[in-house]
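Worksheet: the structure to be examined is printed underneath.
Below, read A as the first sequence line, B as the second, and so on, with proteins coming before strands; counting in each chain starts at 1.
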Amino acid sequence: MDAAEYDLPYFRRNGFRRRTCAGCGSAFWTLGDHERCQEAPCQEYTFLGRPIFGKPYELRAMREAFLSHFEREGHTRLRRYPTVARWRNDVFFTQASIYDFQPWVTSGALPPPANPLTISQPVLRFIDLEEVGRSGRHFTLFEMMAHHAFNRPDHEVYFKDRTVELCHGLLAGTLGADPRGITYKEEVWEGGGNLGPSLSVGIAGLEVATLVFMEYVRDGDALRPMPLTVVDTGYGLERLTWASQGTRTAYEAVFGRELEELRRSFPPHEAAVLIDHARALNFLLTDGVVPSNSKAGYFARLLLRRSLRILSKVPGGPELPSILERTAREIARDFPEVGEHRDDVRKVVEAEIEKYGEALERARQTIRRTEERLRADGRTVTGDDLLVWYDSLGVPPEVAVEELKSPPAIPDDFYTRVAARHEAEKPTVDEEAPETPLPELPTTVPPTEVLYYLDPYTVSFEGRVVATIGPYVVLDRTFFYPTGGGQVADRGHLDDLEVVDVARRGPWIFHKVEGAAPFAPGAKVRGRIDPVRRTQLMQHHTATHLLNGALREVLGPHVWQTGAYKAPDVARIDVTHYRGLSAEELRRVDRTVNGIVRENRPVKSYFENRSEAERRFGFTLYQGGAVPGKELRIVEIEGFDVEACGGTHCTHTSEVGAVSLLDVERIQDGVVRLTFASGDRALELREEHEAILKEAARRLGVAVVELPAGIDRLLAEVAAGRRTAKTLRQGDLEATAEALLGDPARTETVGASTIVAANVELDRGGLMELSRLLGRVPGRVAILAAERDGKGTLFVGSTAPGVSALEVLEAAKGAFNGKGGGNPSAATAVGEPGAPLAAAVGAARTAARAALAR
RNA sequence: GGGCACGUAGAUCAGCGGAAGAUCGCUGCUUUCGCAAAGCAGAGGUCGGGGGUUCAAAUCCCCCCGUGUCCA
């Protein structure tokens with residue numbers, strides 16, 4: 001980056017000088033006379049015991065000092081965004097304050113909610129998890145304090161110069177740091193195809209802020225200026241607080257009394273981990289993350305289990321729910337929503353503790369058994385076993401070692417090796433390509449006016465053709481709903497042509513007809529929408545919102561929709577929840593939903609400015625995931641549920657008719673799926689189900705109410721029948737055995753033993769069973785032959801001392817080119833088709849005789 | 001989203017190519033005033049589902065389904 005980028009009038013005006021750091025070699029600006037930039041590792045911490053600001057601040061006071069400083073400087077204070085980035089689908093968590101404004105604001109598509117603005121944004125960083133508690137300065141969740149400005153060519157708010165002035169004013173003015181002790185180090189920031197200069201702000205060895213100026217788009221090697229430039233700053237609230245107090249570690253400054261309390265039971269670094277995780281968890285769980293084994297939920301589980309592991313070292317010590325509750329109370333002073341979710345968070349946590357206990361207990365058993373088995377083989381547990389156990393059972397090596405009688409050493413590079421096990425993983429393969437992508441249209445084609453938003457009941461309209469490409473027709477206006485938001489597309493007609501699909505691309509809605517569309521641009525066409533299908537889709541969509549609201553009411557605010565599907569015949573909703581639904585919970589959901597249906601509440605659909613809607617309803621709006629645009633379409637079921645949604649909806653809840661829950665299943669850890677139907681389809685299904693029940697009852701010859709009992713009886717009969725068949729067969733076989741033993745032509749006695757040889761019509765299982773019966777008395781050799789599909793089977797069983805069935809078989813195999821094997825008491829072989837089975841039997845008899853004679 | 005482990009009797013699991021097992025629980029009998037317990041006898045399994053390999057599959061291979069776990 002060109003040095004001129006950093007040569008700011010503010011620096012010049014105020015006597016800053018540009019120096020080169022003797023440590024890292026970077027250029028930096030300062031009023032002082034440092035040889036080095038004031039950041040680690042070039043400069044050691046000098047604030048420990050010697051606070052650098054005018055007075056010590058607690059976390060809350062520092063936050064307030066920061067925000068009010070920027071308010072005085074003309075910024076608008078914003079409330080925090082959720083730590084789970086619901087408005088984006090490229091990341092799980094909010095990792096910086098600028099995430100709040102990506103991508104819509106930073107791309108220029110949406111005006112910022114305020115400009116300039118200041119915010120305290122709790123952000124999550126899982127990369128440094130191992131450092132938390134050890135380094136003295138890392139946190140899983142920290143508050144990124146920020147002031148942002150968004151500049152358009154026609155509206156410049158402020159950029160580099162003013163940013164540095166504001167920053168310096170905060171540190172040296174409001175907070176009272178020695179102005180000479182601050183250094184601004186020149187750096188380059190790059191991300192997401194954009195880049196720009198940045199300044200890293202150091203005091204007393206601590207990097208307290210980064211000032212980023214998003215200015216250019218990378219275009220190969222060239223840089224193009226961005227139409228919208230962005231001031232992206234980030235100040236570490238915890239670091240500022242720490243620097244103001246000068247305590248030994250940041251944890252003492254940030255957590256104060258609560259940390260002290262935990263230190264009575266735990267070593268300092270573990271106490272710090274506990275309280276750090278408790279803070280992160282309170283935000284995560286309040287923002288609706290349900291612990292699970294995948295996606296965002298995994299991180300919540302990770303933090304929970306790490307905490308539980310530490311807590312388990314001190315039996316009878318503090319417990320996780322109470323630690324969480326205490327920290328929640330503290331956080332709630334500034335973020336009241338965290339206090340409001342306390343009960344729900346407790347439930348989620350308790351369910352998770354229970355699951356962890358069960359998983360651990362299972363794992364312990366497996367470990368103990370595995371060791372015993374290995375020991376029986378004269379082997380011992382190795383470090384590799386520890387690795388596999390951690391990976392597949394979730395047992396940390398320290399826990400596994402406790403369980404072992406002769407534990408191996410835990411490999412030093414344990415977690416590196418865990419990572420190595422995952423390196424071979426295949427990269428994600430994308431789903432099969434979507435069916436024929438929609439064609440591109442020139443930008444001269446006017447956007448489709450979307451009419452179904454305004455009136456979902458109109459099913460007949462006139463439009464003008466603006467473009468046709470192959471089977472696709474684009475109109476100037478349409479009431480046809482395109483596939484989207486989990487709702488399938490409308491069907492119907494354009495004039496006499498059937499519309500088989502409707503899809504959206506960019507600002508256009510494409511109607512697909514059979515064959516090439518015969519319309520000329522400019523032609524007027526009449527659109528008619530299949531009204532039955534549309535009505536059913538509306539009912540299913542509104543019912544989905546009703547269910548979502550009801551599930552949240554019954555199960556708690558951690559419930560979020562993770563997916564939904566609305567077709568004419570059936571609809572589904574997937575929501576996050578920490579266990580399956582009980583029959584009772586299901587009943588309550590059913591009653592709640594159908595109650596709201598009967599109350600006939602109004603369902604209002606309208607557009608609202610995004611920022612305003614977020615302010616009024618919060619981020620629970622984004623149940624369907626991220627939605628684009630500066631205006632949100634809001635669907636509000638009065639006093640019950642509000643979501644951002646582009647679907648077609650009923651205008652009153654009673655139009656939904658009735659909601660029938662058809663099925664509930666846990667589709668993965670932390671997600672339950674409800675399948676349901678509403679409106680006429682619900683009635684239709686009910687009739688279908690009734691008919692099925694009646695038919696089943698008729699076939700069973702019982703009344704419908706007696707079906708369950710009838711089925712039980714039937715099952716019992718089947719079981720009895722199976723038992724009878726078994727006994728009968730057993731009886732037959734026993735009779736056969738008796739007959740064979742009494743038949744001198746088929747038996748011969750050698751010493752105390754008897755050889756029985758016979759051809760029987762039995763399958764493999766029968767041969768085995770018969771041989772077993774013949775061998776009930778010791779001293780018998782059974783040689784049985786059966787013929788099936790032209791292939792002969794020879795079975796040899798032996799209970800005679802010194803006679804191996806396997807050896808007898810081996811001796812006979814050659815006679816009919818048989819393949820097979822077995823063990824000394826039983827052996828079978830199957831011969832080639834047409835091979836002489838009788839010869840094989842003869843050979844077996846000879847072999848048996850010889851063996852007995854020995 | 002990907003990797004790994006696991007699905008066998010009501011429960012917990014063993015068996016990991018050759019004739020389905022153990023322990024607890026259950027039923028009956030013996031003993032006991034009763035309980036606890038002991039002894040004896042017995043019932044209970046399409047070895048998660050479907051394909052394949054093999055003379056032979058709970059066991060090996062593939063695909064599903066389910067459970068758990070690690071990682072992003």
Looking at [X], I'd like to know whether one of its side-chain N or O atoms comes within less than 4.0 Å of OP1 or OP2 on [N].
{"X": "A:Gln365", "N": "B:rC13", "answer": "yes"}
{"X": "A:Arg362", "N": "B:rU67", "answer": "no"}
{"X": "A:Lys295", "N": "B:rG1", "answer": "yes"}
{"X": "A:Arg417", "N": "B:rC4", "answer": "no"}
{"X": "A:Asn823", "N": "B:rA19", "answer": "yes"}
{"X": "A:Arg305", "N": "B:rU69", "answer": "yes"}

Measuring only the [atom1] atom in each nucleotide, how far is [N] from [M]? A whole number of Å is fine.
{"N": "B:rA9", "M": "B:rG44", "atom1": "C1'", "value": "6 Å"}
{"N": "B:rG49", "M": "B:rU67", "atom1": "C1'", "value": "15 Å"}
{"N": "B:rU59", "M": "B:rA19", "atom1": "C1'", "value": "15 Å"}
{"N": "B:rC40", "M": "B:rC4", "atom1": "C1'", "value": "47 Å"}
{"N": "B:rC55", "M": "B:rC47", "atom1": "C1'", "value": "22 Å"}
{"N": "B:rC13", "M": "B:rA58", "atom1": "C1'", "value": "14 Å"}
{"N": "B:rC16", "M": "B:rC61", "atom1": "P", "value": "15 Å"}
{"N": "B:rG3", "M": "B:rA57", "atom1": "P", "value": "30 Å"}

Integer-rounded Å distance: [N] [atom2] and [X] [atom1]:
{"X": "A:Leu360", "N": "B:rG68", "atom1": "CG", "atom2": "P", "answer": "14 Å"}
{"X": "A:Phe414", "N": "B:rC70", "atom1": "CZ", "atom2": "C1'", "answer": "10 Å"}
{"X": "A:Ile367", "N": "B:rC13", "atom1": "CD1", "atom2": "C1'", "answer": "16 Å"}
{"X": "A:Arg673", "N": "B:rG66", "atom1": "CZ", "atom2": "P", "answer": "10 Å"}
{"X": "A:Asp384", "N": "B:rC4", "atom1": "CG", "atom2": "C1'", "answer": "14 Å"}
{"X": "A:Arg306", "N": "B:rC70", "atom1": "CZ", "atom2": "C1'", "answer": "14 Å"}
{"X": "A:Leu302", "N": "B:rC70", "atom1": "CG", "atom2": "C1'", "answer": "10 Å"}
{"X": "A:Leu386", "N": "B:rU69", "atom1": "CG", "atom2": "P", "answer": "19 Å"}

Does A:Asp391 get its side chain close enough to the base of B:rU69, under 3.5 Å, for a donor-acceptor pair? no
salt_bridge(A:Glu810, A:Lys813) N-O dist < 4.0 Å: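 Salt bridge present between A:Glu810 and A:Lys813.
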Could A:Lys405 and A:Glu371 be called an ion pair, given the rule that one side-chain N must be under 4.0 Å from one carboxylate O?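 Looking at A:Lys405 and A:Glu371, the cut-off is not met.
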Can you give me the closest heavy-atom contact between A:Arg86 and A:Asp287, atom names plus distance?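 Smallest heavy-atom distance, with atoms named: NH2-O, 2.8 Å.
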[X], [atom1] atom: more than 12 neighbouring heavy atoms under 6.0 Å:
{"X": "A:Arg88", "atom1": "CZ", "value": "yes"}
{"X": "A:Glu319", "atom1": "CD", "value": "no"}
{"X": "A:Ile127", "atom1": "CD1", "value": "no"}
{"X": "A:Asp90", "atom1": "CG", "value": "yes"}

Partner lookup for [N], please. Criteria are Watson-Crick or G-U wobble with both distances under 3.5 angstrom; report none if nothing qualifies.
{"N": "B:rU69", "answer": "B:rG3"}
{"N": "B:rA19", "answer": "none"}
{"N": "B:rG45", "answer": "none"}
{"N": "B:rC24", "answer": "B:rG10"}
{"N": "B:rU30", "answer": "B:rA38"}

Donor-acceptor side-chain pairing of A:Glu748 and A:Thr754 below 3.5 angstrom: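 Note: A:Glu748 and A:Thr754 side chains miss the donor-acceptor criterion.
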Hey, are A:Asp384 and A:Thr382 close enough side-chain-wise for a donor-acceptor pair under 3.5 Å?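 No, no side-chain donor-acceptor contact under 3.5 Å.
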What does nucleotides 47-63 of chain B look like as a protein-contact string, B for base, S for sugar-phosphate only, - for none, at under 4.0 angstrom between heavy atoms? --------BS-------
Does A:Val388 or A:Ser771 map to a spot on RNA chain B nearer the 5' end, using the closest nucleotide for each?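 Upstream on the strand: A:Val388.
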Which residue, A:Tyr356 or A:Arg772, contacts RNA chain B at a nucleotide closer to its 5' end, judged by nearest heavy atom?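 Its nearest nucleotide lies further toward 5', so the answer is A:Arg772.
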For [X], answer base if it contacts any base atom (sugar-phosphate contacts may also be present), sugar-phosphate if it contacts only those atoms, and nothing otherwise; contact means non-hydrogen atoms under 4.0 Å.
{"X": "A:Thr366", "result": "nothing"}
{"X": "A:Ser825", "result": "base"}
{"X": "A:Leu806", "result": "nothing"}

Review item, side-chain donor-acceptor pairs of residues 757-767 of chain A, under 3.5 Å, at least two apart:
residue	atom	partner	partner atom	Å
A:Asp763	OD1	A:Gly765	N	3.4
A:Asp763	OD1	A:Gly766	N	2.8
A:Arg764	NH1	A:Thr828	OG1	3.3

Which listed nucleotide ([options]) is nearest to the side chain of [X]?
{"X": "A:Met768", "options": "B:rC4, B:rA19, B:rG1", "result": "B:rA19"}
{"X": "A:Arg373", "options": "B:rC4, B:rG15, B:rC70", "result": "B:rG15"}
{"X": "A:Arg369", "options": "B:rA19, B:rC70, B:rU12", "result": "B:rU12"}

